[in-house]
Number of protein chains: 2
Amino acid sequence: MPSIPLTTPTARYDIVIGSGLLRTLFPRLCKLSNGKPFRPFIVTSPEIWELWSKSILASFPEPPTVLFLPSGEAHKRLASVEALAQQLATAGADRDSLLLALGGGVIGDITGFLAAIYMRGIPYVQLPSTLLAQVDSSIGGKTGVNLVAGKNLIGSFHHPLAVFADTDLLGTLPSAELRSGLQESVKAAIIRNPRLFRYLEQNSQAVLAGDADALTRVVAASVRVKADVVSQDELESGLRMILNFGHTIGHAIESATKYKQLLHGQAVGWGSIAAAHLSLSRGAITQNEFDRMVNLILLYGPLPAFTAKAAKLVELTGSDKKKRSGRRAFVLTTGIGSTEVVYDVTDAELLAATESMLARMQQVTSKPSARSRKK
Amino acid sequence: MPSIPLTTPTARYDIVIGSGLLRTLFPRLCKLSNGKPFRPFIVTSPEIWELWSKSILASFPEPPTVLFLPSGEAHKRLASVEALAQQLATAGADRDSLLLALGGGVIGDITGFLAAIYMRGIPYVQLPSTLLAQVDSSIGGKTGVNLVAGKNLIGSFHHPLAVFADTDLLGTLPSAELRSGLQESVKAAIIRNPRLFRYLEQNSQAVLAGDADALTRVVAASVRVKADVVSQDELESGLRMILNFGHTIGHAIESATKYKQLLHGQAVGWGSIAAAHLSLSRGAITQNEFDRMVNLILLYGPLPAFTAKAAKLVELTGSDKKKRSGRRAFVLTTGIGSTEVVYDVTDAELLAATESMLARMQQVTSKPSARSRKK
Ligand SMILES: NC(=O)c1ccc[n+]([C@@H]2O[C@H](COP(=O)([O-])OP(=O)(O)OC[C@H]3O[C@@H](n4cnc5c(N)ncnc54)[C@H](O)[C@@H]3O)[C@@H](O)[C@H]2O)c1
Ligand SMILES: NC(=O)c1ccc[n+]([C@@H]2O[C@H](COP(=O)([O-])OP(=O)(O)OC[C@H]3O[C@@H](n4cnc5c(N)ncnc54)[C@H](O)[C@@H]3O)[C@@H](O)[C@H]2O)c1
Ligand SMILES: [Zn+2]
Ligand SMILES: [Zn+2]
């Protein structure tokens with residue numbers, strides 16, 4: 001089973017990926033805690049618990065306490081953290097406790113943050129249950145919640161003791177969530193892994209059908225990209241920025257559509273197409289590389305259409321945290337598997353790239369789809 | 001002006017103490033930020049701002065944004081942190097912001113925690129305005145808020161860029177708050193500084209009258225004790241425990257009286273007397289040392305009487321965070337300026353010491369006071 005190390009100045013842990021991990025969870029936790037006694041608390045949503053409690057409980061000699069969070073981004077707030085902390089305190093949880101975050105990115109971010117601030121920090125383990133959480137949000141130690149004023153404005157860096165990504169969990173995930181998460185794998189391939197890129201081109205059927213080997217391979221390769229980057233730049237002062245490929249316009253799209261119309265990965269898919277256009281217009285990639293990138297992104301679609309003016313989207317990138325002290329960092333692709341952060345992208349360039357992306361959207365989404373053609 | 005360095009594996013900063021510091025605040029902040037532009041936000045209470053805004057504003061070329069918190073322990077909650085974070089976000093605060101915590105321990109703990117988690121960490125400076133905050137809470141990087149289930153259960157370690165303790169601020173502090181805070185100085189003297197102990201014995205009039213030189217000397221010596229201890233044990237794994245001298249029974253008293261009857265320092269005063277009794281009964285200190293300790297504690301009183309059974313107080317120490325995995329750490333004094341952490345204190349010993357303390361309370365508080373005798 002692939003086990004990928006992440007090493008930063010402050011933490012060192014493994015991300016283990018594969019099928020059947022949950023069924024051996026308890027002995028794995030015992031190993032992690034080096035024989036010291038620990039008290040496990042599972043944080044999850046009622047829906048996920050309903051689907052997966054049996055597999056989880058199978059390995060525990062005594063059932064651990066389960067704390068529930070309603071699912072959905074709307075609950076990624078300090079009030080949820082306080083409610084959970086209050087439950088921990090009432091149950092007498094102290095520094096010997098171990099939190100287990102069983103869920104997607106929302107539960108992972110909340111639980112990680114809870115672990116960061118309960119009694120000034122207790123350990124936790126990530127059990128990511130969405131593809132996005134397995135390849136992205138569970139890795140790297142960023143935890144946090146939203147404010148009304150903006151997403152992820154409150155948080156801490158707090159690494160888990162380990163990440164156990166059981167690919168079986170993806171079996172109950174709605175297909176749109178799986179495909180959306182795969183856009184982060186496509187991103188990982190574009191910025192740093194040409195082999196993963198080819199694998200995704202050639203094995204889309206197996207991957208989308210949820211084949212265990214194919215998923216393990218894709219998740220592991222994607223995780224390796226993120227773990228590598230984070231190991232070199234824990235606190236996002238440089239290299240870690242390349243993980244934002246496709247996210248400048250992607251975040252603008254999410255904001256323009258009020259986070260309601262598109263899943264995150266879908267917005268990132270469109271954003272990646274815009275970034276590829278900009279890279280092409282600068283001569284950073286060839287027409288052929290550009291075509292392969294766009295095709296791969298659309299292969300893991302469909303990406304739903306949305307309505308927004310290019311100028312509006314460019315304007316929305318202005319409020320982006322990535323624009324600091326007047327300089328906007330932009331992640332270009334310079335070939336399949338390579339990337340460069342530049343600071344001289346003008347609003348005009350961004351506008352042209354966004355317009356090209358919107359034109360492509362017209363083309364793609366006005367085509368009668370395979371299904372409707374069959375009728 | 002005394003400037004005391006604090007050095008831990010993760011932080012290095014100075015605690016500057018003296019009269020007139022506030023009036024030169026802005027140039028001091030500029031120095032701290034090494035010429036990089038920064039955006040100051042003051043967090044304080046309306047009462048403190050009313051008293052001290054003029055002195056603060058005097059040094060600023062442009063008035064900084066002021067964010068208000070109602071005063072009082074009841075507001076040391078996540079809801080306050082969220083409200084402040086929301087105000088920061090609305091004002092466009094980013095990582096170039098600098099928070100200034102102007103207030104007592106409540107404002108210091110909240111602001112430090114806000115700085116720890118806003119955008120995963122921004123810098124802040126402590127401007128402690130109570131004696132307790134100057135000698136204790138502003139130093140050491142512990143930040144946090146309360147839960148309904150208990151005090152300080154949510155928090156982070158996040159050190160300030162600097163602490164500027166202007167002793168002038170103490171001029172408007174109610175006398176009971178000053179005396180209460182001085183119990184932490186007495187504690188510092190007992191555990192680690194015989195010279196400070198003698199100074200406090202011989203100069204109580206000047207100290208209690210608020211003489212600038214006397215206060216600067218006492219604050220600086222107390223800060224040195226805490227900064228020293230924290231420099232050697234940032235994360236409270238060992239030595240830092242000695243700062244809890246008097247706090248085992250002290251916390252039990254606060255809990256028994258529902259945090260309403262006594263100020264923290266007053267409870268610590270009684271707790272220190274109990275700890276001195278326990279140390280005496282173990283033969284760790286002489287009768288003469290014991291007498292000098294109790295006299296010094298009472299010199300900075302009056303410590304108000306309260307009603308609680310000794311057995312109840314001992315019971316309440318059981319829920320104390322200091323009792324881990326069955327072993328209760330207890331801080332003994334082994335002479336004026338020296339201390340030892342032991343793990344074998346029995347409930348019976350603790351009960352006897354608490355009873356002796358309560359008996360002393362009867363004695364001290366049933367005596368007609370100087371004032372009532374004059375009538
Ligand atoms: N910390 C980071 O570094 C980081 C990185 C990227 C994204 N994020 C955060 O991640 C969040 C998005 O995560 P997400 O996409 O996983 O969304 P999510 O956590 O909301 O999960 C999506 C949906 O899938 C359901 N679900 C989860 N696992 C399931 C399973 N195995 N079977 C069936 N249904 C399941 C959930 O209940 C939910 O309805 C955002 O809040 C984002 O800010 C964080
Ligand atoms: N972080 C730590 O390491 C640490 C250590 C010890 C205590 N604490 C915390 O500190 C808090 C207690 O702090 P505190 O005793 O300073 O209480 P506080 O902050 O509530 O202040 C006491 C009172 O004095 C008023 N005040 C403050 N400065 C004044 C001034 N210059 N003039 C007039 N009035 C003024 C305040 O408005 C308040 O009413 C507790 O919450 C405790 O948990 C933290
Ligand atoms: Zn993303
Ligand atoms: Zn104290």
Side-chain angles (χ1 to χ4, degrees), chain A residues 9-10 36-39 77-96 109 112-122 140-158 234-237 318-326, chain B residues 9-10 36-39 77-96 109 112-122 140-158 234-237 318-326:
Chain A
T10 65
K36 265 199 292 173
F38 64 94
R39 204 173 145 198
R77 296 294 302 274
L78 271 181
S80 305
V81 175
E82 184 164 46
L84 291 170
Q86 179 69 24
Q87 289 173 65
L88 284 177
T90 307
D94 62 11
R95 292 217 178 79
D96 303 328
D109 281 9
F113 187 55
L114 173 66
I117 67 174
Y118 185 72
M119 294 181 90
R120 293 194 203 93
I122 61 172
K142 280 200 205 171
T143 73
V145 297
N146 305 327
L147 288 176
V148 171
K151 280 200 58 174
N152 300 320
L153 284 176
I154 291 287
S156 275
F157 283 96
H158 186 52
E234 184 180 18
L235 300 178
E236 206 166 24
S237 42
S319 65
D320 208 64
K321 278 185 276 174
K322 278 163 278 311
K323 189 171 173 181
R324 291 258 175 75
S325 49
Chain B
T10 65
K36 265 201 290 170
F38 63 93
R39 206 175 143 195
R77 296 294 304 275
L78 271 181
S80 305
V81 175
E82 184 165 46
L84 291 171
Q86 179 69 24
Q87 289 172 64
L88 284 178
T90 307
D94 61 13
R95 292 217 178 77
D96 304 328
D109 280 9
F113 187 54
L114 173 66
I117 65 174
Y118 185 71
M119 293 181 89
R120 293 194 202 93
I122 61 172
K142 280 202 207 168
T143 72
V145 297
N146 304 327
L147 289 176
V148 170
K151 280 201 57 175
N152 300 322
L153 285 177
I154 290 286
S156 275
F157 283 97
H158 186 52
E234 182 180 18
L235 299 179
E236 207 165 26
S237 41
S319 65
D320 209 64
K321 279 184 274 172
K322 277 163 279 310
K323 189 171 173 179
R324 291 257 174 76
S325 47

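Just so we're on the same page: letters track the sequence lines, and every chain starts at 1. Keep in mind that this is a model prediction, so the values were computed, not measured.
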Asker: With sequence neighbours excluded, give me every salt bridge (Lys or Arg N to Asp or Glu O under 4.0 Å) pair touching residues 77-92 of chain B.
Answerer: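 Found A:R77-B:E82, A:E82-B:R77.
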Asker: With a 4.5 Å heavy-atom cut-off (strictly below), which parts of residues 83-93 of chain A touch chain B? List them by number.
Answerer: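 Interface residues of residues 83-93 of chain A: A:A85, A:Q86, A:A89.
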Asker: Is it the side chain or the backbone of A:T10 that comes within 4.5 Å of chain B heavy atoms, both, or neither?
Answerer: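 Nothing of A:T10, per the 4.5 Å heavy-atom cut-off to chain B.
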Asker: Any chance you could measure B:N152, atom CG, to A:R120, atom CZ, to the nearest 0.5 Å?
Answerer: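 Going from CG on B:N152 over to CZ on A:R120, the span is 6.0 Å.
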Asker: I need the B:I117 CD1 to A:F157 CZ distance, nearest 0.5 Å.
Answerer: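 One gets 14.0 Å once the value is rounded to the nearest 0.5 Å.
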Asker: Mind checking the CD1-CG spacing from B:I154 to A:L78? Nearest 0.5 Å is all I need.
Answerer: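 The distance works out to 9.0 Å.
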